[in-house]
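Presented below is the structure to which this report refers.
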2 protein chains.
Amino acid sequence: MKRRRPDVGAACPPAAAGADGRPVDGPAADAELAALCKAVGHPARVRILRLLAQRNECICGQIVAELPLSQSTVSQHLAVLKRAGLIRGTIDGPRTCYCLEPRTLRRFRALAGGL
Amino acid sequence: MKRRRPDVGAACPPAAAGADGRPVDGPAADAELAALCKAVGHPARVRILRLLAQRNECICGQIVAELPLSQSTVSQHLAVLKRAGLIRGTIDGPRTCYCLEPRTLRRFRALAGGL
DNA sequence: GCTCGTTATCGTGTTTCGACGATGAAACGC
DNA sequence: GCGTTTCATCGTCGAAACACGATAACGAGC
């Protein structure tokens, strides 16, 4: 039983991201910052984040068209960003529409600023 | 004779500039942010940066003592941070004294903030 | 000069990443 | 139903990251 098409979030998944007000240092924050940085630490993923920032939201196919990478590779990068909570994907018919997750992004900026 | 300036792209007026005048987006900035994030994207390296921020400067041995890693592994993490320009190491007799590189750190914060 | 303490580098094994093509799964139009 | 479009996942491969012990380099002190 291979479940394809996991839930990409019905429309507004909680994303388990904490709101602001959490500490920007300490062991937990260290791990959090490291994980977020690791997710951002690839040129293609930075590019994806920038695209989403420009266009507010983006069909997966549009992102693939902008990058010099295969569709499967882009899909993997999207999965990395999603796992890190930096983006959100909502199924829109046969497509998947990606957008930034502002909360995590703010959190990332706060942690980076705390360095 | 030293070069006057390491080519900062004299002729091209940047669209968006950080505090130091360099752009915070565009292909070059994408690669730069990705490289910096990749360097920060490991818990041990975040920890090292935090240690250096607390103590201002740190002998390599002190860092090794604070981390649950072998001396050679810590030395490698330090090399990664140094290669990324985030820290600087000066030889002090038989020891090596590490400290943060504020310029790169500011640059990192600017780029992260530009996301 | 020799030894000791400190740190960088080497060699190695294991794990993870990054890329791709191929395959499969859902939604849609017919 | 059936094929198309769109995207996620699988399988695979090479390259890089990560961790360690062992070893080399380098000053300092005797």
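Because the structure is a prediction, the values reported are computed rather than measured. Atoms considered below: every heavy atom in the structure, side chains included; atoms not considered: hydrogens, waters and symmetry mates. A, B, ... follow the sequence lines: proteins, then strands. Residue 1 opens every chain.
- Formation of a donor-acceptor pair under 3.5 Å by the B:Arg45 side chain with backbone atoms of B:Leu81 is not found in this model.
- C:dA19 atom C1' lies 18 Å from atom CZ of A:Arg47, rounded to whole Å.
- For the pair B:Ile87 CD1 and C:dT7 P, the interatomic distance rounds to 13 Å; values are reported in whole Å.
- Comment: A:Glu66 does not engage A:Arg50 in a salt bridge, judged by the lack of any side-chain N to carboxylate O separation of less than 4.0 angstrom.
- Here C:dT7 is the nucleotide among C:dA19, D:dC20, C:dT7 with the atom lying nearest to any side-chain atom of B:Arg95.
- Side-chain nitrogen and oxygen atoms of B:Tyr98 include none within less than 4.0 Å of the OP1 or OP2 phosphate oxygen of C:dT6.
- For B:Ser70, a side-chain nitrogen or oxygen approaches OP1 or OP2 of D:dC20 to under 4.0 Å.
- A:Leu81 places its CG atom 12 Å from the P atom of D:dA8, with the value rounded to the nearest Å.
- In terms of phosphate contacts, A:Thr73 brings a side-chain nitrogen or oxygen within less than 4.0 Å of OP1 or OP2 of C:dC20.
- The NE2-P distance, from B:His77 to D:dC18, rounds to 6 Å in whole Å.
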**Message:** Using side chain to side chain contact (heavy atoms under 4.5 Å, CB included), reason through B:Thr96 and B:Leu78 one step at a time and then give a plain yes or no.
**Reply:** CA-CA 11 Å; B:Thr96 306; B:Leu78 288 167; over 6 Å; no
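- Within 3.5 Å, no donor on the side chain of A:Gln76 pairs with an acceptor on the base of D:dA8, nor the reverse.
- Taking CG from B:Leu52 and CD from B:Gln62, the interatomic distance works out to 9.5 Å, rounded to the nearest 0.5 Å.
- When rounded to the nearest whole Å, the span between CZ of B:Arg83 and C1' of D:dA16 equals 12 Å.
- Atom-to-atom, CG of A:Leu78 to C1' of C:dG18 comes out at 14 Å; the value is rounded to the nearest Å.
- The 12-atom threshold is not exceeded at CZ of B:Arg103, counting heavy atoms of other residues, nucleotides or ligands nearer than 6.0 Å.
- Of all nucleotides listed (C:dC20, D:dA8, C:dA8), D:dA8 comes nearest to the side chain of A:Cys60.
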Could you list, one pair per line, each protein nitrogen or oxygen that sits under 3.5 Å from a nitrogen or oxygen of nucleotides 22-30 of chain D, together with the distance?
none

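- Taking the six-membered ring where the residue is Trp, A:Phe108 and B:Phe108 present perpendicular rings, their angle passing 60° and hence far from 30°.
- In the set D:dA8, C:dA19, C:dT7, C:dT7 carries the atom at the smallest distance from any side-chain atom of B:Ile59.
- One atom, CG of B:Leu69, and another, P of D:dG21, lie 11 Å apart when rounded to the nearest Å.
- Residues from residues 37-45 of chain A placing a heavy atom under 4.0 Å of any atom in DNA chain C, listed by number, are A:Lys38, A:His42, A:Arg45.
- Linking Ile, Leu, Val, Met, Phe, Trp and Tyr whenever their side-chain heavy atoms come within less than 4.5 Å puts B:Leu67 and B:Leu49 in one cluster.
- One atom, CD1 of A:Ile48, and another, P of D:dC7, lie 13 Å apart when rounded to the nearest Å.
- With rounding to the nearest 0.5 Å, the separation of OH in B:Tyr98 from CD1 in B:Ile63 is 7.5 Å.
- Separation of atoms CG (B:Leu69) and OG (B:Ser75) is listed at 12.0 Å; rounding is to 0.5 Å.
- Look at B:Ser75 and you won't find any side-chain N or O under 4.0 angstrom from OP1 or OP2 of C:dT7.
- Judged as a salt bridge (charged side-chain N to carboxylate O under 4.0 Å, His left out), the pairs with a partner in residues 92-101 of chain B (not counting sequence neighbours) are, in order, B:Arg88-B:Glu101.
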